[in-house]
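Whatever order the structure lists them in is the order used to number ligands and atoms, beginning at 1.
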Amino acid sequence: MVTLTFDVLRQQLRGDVIASDDEGYEQARAVYNAMIDKRPVVVTRPVNAGDVIAAVNFARESHLPIAIRGGGHSVPGFGTCDGGVVIDLSRMRGVRVNPEKKTARAEGGATWGDFNAATYPFGLATTGGIISTTGVSGLTLGGGIGYLARGFGLSLDNLLSADVVTADGKFLIASEKENEDLFWAIRGGGGNFGVLTSLEFRLHPVKDIYGGPMFFELKDIKAILDFYRDYIKDAPEEMGCFPAFQIAPPLPFIPEKRHGDTLALMVACWAGPLDKGEKALKPFHDVAPVVAEHVGPMPYPALNSAFDALYPPGLQHYWKANFVKELTDDAIVAHVEHGSKVPALTSTMHIYPINGAVHRVASDATAFGHRDANFATVIAGMWPDPTHNKANIKWVRDYYEATAPHSEEGGYINFAADDDQGRAPANFGVNYNRLVAAKRKYDPDNMFRFNQNIKP
Ligand SMILES: Cc1cc2nc3c(=O)[nH]c(=O)nc-3n(C[C@H](O)[C@H](O)[C@H](O)COP(=O)(O)OP(=O)(O)OC[C@H]3O[C@@H](n4cnc5c(N)ncnc54)[C@H](O)[C@@H]3O)c2cc1C
């Protein structure tokens, strides 16, 4: 019976329909995190909103849940599933810029690389993430923290409207003027409410930036963190930056004899006037001597893709996250202890600032529930060899246990792990109850359940 229904689905979709006995299934079921090994009933690759509607209707009529895949970066692997229908939007990656209105509309499967490549020639950008291979949709639905957030808010603060296919197969436009409750919910509620087939963003005048990575001796990390927590409170909003622990990769600008050493890292992005860039980065250079750096003027998309090669698809991933109001002395002690033990070249810990423009949006204006936090931390365990899973997961958990007492109860849903599912009320924060109401209205049967799930 299921085979017969696939035939109908194949007739309805202009895109691909890949069932378990089809060629390409093994590749189609895989996601970015190689630790995820799930077997969906079928993977669909729509090419337009009509295809998405057909796939959603098929799933609902077959009583199957849906996993939505945008850029595929979900660390818990929410872009695939066991026994459900995958809607993989990777064939829908177009981006159209309206330079006059300073807006851009991205299809639901676009990555930030697609987005930035389209907006850069117009000297425009909006807040995206730190690397370019992450999906625009998934990142925006949970928040969207990146270099430009202090100046322009979270990615979701720049969302003007979205086209959404809901669980009943309806196509809705969500904006401040239409389906306002859905528009509110998708700005922070993750992939719980439907499939976004396109997203329209406000753009800002950003073309070339001044910045890049600065490596310091590990012994200077305490001084760097002490400096950072004070500096970032009222640093100019053109400055996006974050400190990290990082094993030195074999890059040409790092002295060869330091490759493989654990170092302190600060990455900066000055999006103000270029001729003021050097001065803007001076406070970092004054904290401690730099071991190696690669800073200067560069296109914003170049910084946004500078770390892509470090994080190719196929690594093992296990991450944990916290929101932080104050970076206390005790928190810094815990960071120094655990960050210094970072076990893999690709593992790291970042402390992102989320003040500035992020704080100028009211806590209930969108579903993002942690506007009062000043920082979002991520302990990102990423390593190549699955036989090392136990030790790497332990590093993430120990680090998390040590820093959680100095943090808010919730963490950023886009960085959270699958075993954080029980923490939904804390992770969604002050807006959780209103999100539950929206879930009951738009997805009462929880068809969209492969996400940081809001139970209807
Ligand atoms: C290497 C790496 C770097 C990252 N850097 C950052 C960063 O700098 N800033 C930041 O904020 N986050 C960052 N993240 C986290 C990232 O925001 C989340 O992993 C996000 O969910 C990824 O979105 P995606 O579309 O790529 O993922 P997917 O796995 O495709 O989707 C993840 C979730 O979003 C939902 N979703 C995706 N597309 C749609 C759609 N079109 N309609 C409805 N629901 C959809 C899915 O249901 C799923 O729940 C990073 C993640 C990785 C792995």
Side-chain angles (χ1 to χ4, degrees), residues 30-33 36 46 49 52 56 65-81 84 86-90 92-93 106-114 127-149 154-156 162-167 174 185-186 188-199 240 242 267 269 303-305 307-313 315-319 321 346-348 350 352 354 358 368 376 378 380-382 412-418 442-443 447-454:
V31 287
Y32 179 78
N33 179 358
I36 309 297
V52 172
V56 168
I66 294 171
I68 310 166
R69 191 183 308 164
H73 265 200
S74 157
V75 169
F78 292 141
T80 190
C81 61
V86 171
I87 299 182
D88 171 359
L89 297 159
S90 60
M92 295 174 63
R93 293 173 58 167
E107 287 188 292
T111 63
W112 284 104
D114 299 326
T127 307
I130 299 300
I131 78 169
S132 84
T133 51
T134 309
V136 170
S137 294
L139 183 134
T140 301
L141 284 160
I145 297 171
Y147 294 115
L148 304 179
L154 302 167
S155 304
L156 61 75
D163 295 341
V164 188
V165 176
T166 45
I186 58 172
N192 273 282
F193 301 97
V195 185
L196 270 58
T197 55
S198 87
L199 304 86
F242 62 90
V267 185
C269 174
L303 181 61
N304 190 240
S305 54
F307 302 104
D308 290 4
L310 202 54
Y311 308 117
L315 296 174
Q316 310 285 308
H317 288 252
Y318 182 78
W319 296 22
T346 33
S347 287
T348 190
H350 295 173
Y352 299 115
I354 46 168
V358 181
F368 183 79
V378 61
M382 302 178 264
Y412 178 38
I413 60 161
N414 279 2
F415 294 154
D418 207 14
Y442 286 103
D443 185 20
M447 273 174 58
F448 304 113
R449 70 184 69 151
F450 304 110
N451 40 44
Q452 292 295 340
N453 197 229
I454 298 162

Which atoms from ligand 1 have a heavy atom of V195 less than 4.0 Å away? 42 (N), 43 (C)

If the cut-off is 4.0 Å to any non-hydrogen atom of N451, which atoms of ligand 1 fall inside it? 49 (O)

Who's the nearest protein heavy-atom neighbour of atom 41 (N) of ligand 1, and how far? L196 O, 2.9 Å

Ligand 1 atoms in contact with G129 (distance to a heavy atom under 4.0 Å): 7 (C), 8 (O), 9 (N)

Where is the nearest protein heavy atom to atom 46 (C) of ligand 1: which residue, which atom, and how far? I68 O, 3.2 Å

Is there a heavy atom in F193 that sits closer than 4.0 Å to ligand 1? no

Tell me which one of G142, G72, A321 gets a heavy atom nearest to atom 28 (P) of ligand 1. G72

Show which atoms of ligand 1 fall inside a sub-4.0 Å distance from at least one heavy-atom site of I130. 7 (C), 8 (O)

With sequence neighbours left out, write down each residue that passes salt bridge (charged side-chain N to carboxylate O under 4.0 Å, His left out) with R93, or none if nothing qualifies. D114

Just jot down the side-chain hydrogen bond (donor to acceptor under 3.5 Å, both in side chains) partners of T346, sequence neighbours excluded, or say none. none

Please compare S74, G70, A67 and report which has the shortest non-hydrogen distance to atom 37 (C) of ligand 1. G70

Quick test: of every protein heavy atom, which one is nearest to atom 1 (C) of ligand 1, and how far off is it to 0.1 Å? Y32 OH, 3.4 Å

Among all protein heavy atoms, pick out the one at the shortest distance from atom 36 (N) of ligand 1; state its residue, atom name and that distance to 0.1 Å. L141 CD1, 3.8 Å

For ligand 1, the portion of F450 having any non-hydrogen atom under 4.0 Å away: backbone

For atom 38 (N) of ligand 1, which candidate among A416, G77, S137 provides the closest heavy atom? S137

What protein heavy atom sits nearest atom 10 (C) of ligand 1, and how far away is it? L139 CD1, 3.2 Å

Of T134, I131, V378, which has the heavy atom at the shortest distance from atom 16 (C) of ligand 1? T134

What protein heavy atom sits nearest atom 13 (C) of ligand 1, and how far off is it? F415 CE2, 3.4 Å

Give the residue and atom name of whichever protein heavy atom lies nearest to atom 52 (C) of ligand 1, and the separation in Å to one decimal. W319 CH2, 3.3 Å

Please identify which atoms of ligand 1 are closer than 4.0 Å to at least one heavy atom of I145. 7 (C), 8 (O), 9 (N), 10 (C), 11 (O)

For D308 and T133, test the side chains for any donor-to-acceptor distance below 3.5 angstrom and give the result as yes or no. no

Distance check, rounded to the nearest 0.5 Å: I145 atom CD1 versus Y352 atom OH? 8.0 Å

Check each heavy atom of L89 against ligand 1 and say whether those closer than 4.0 Å belong to the side chain, the backbone, both or neither. side chain

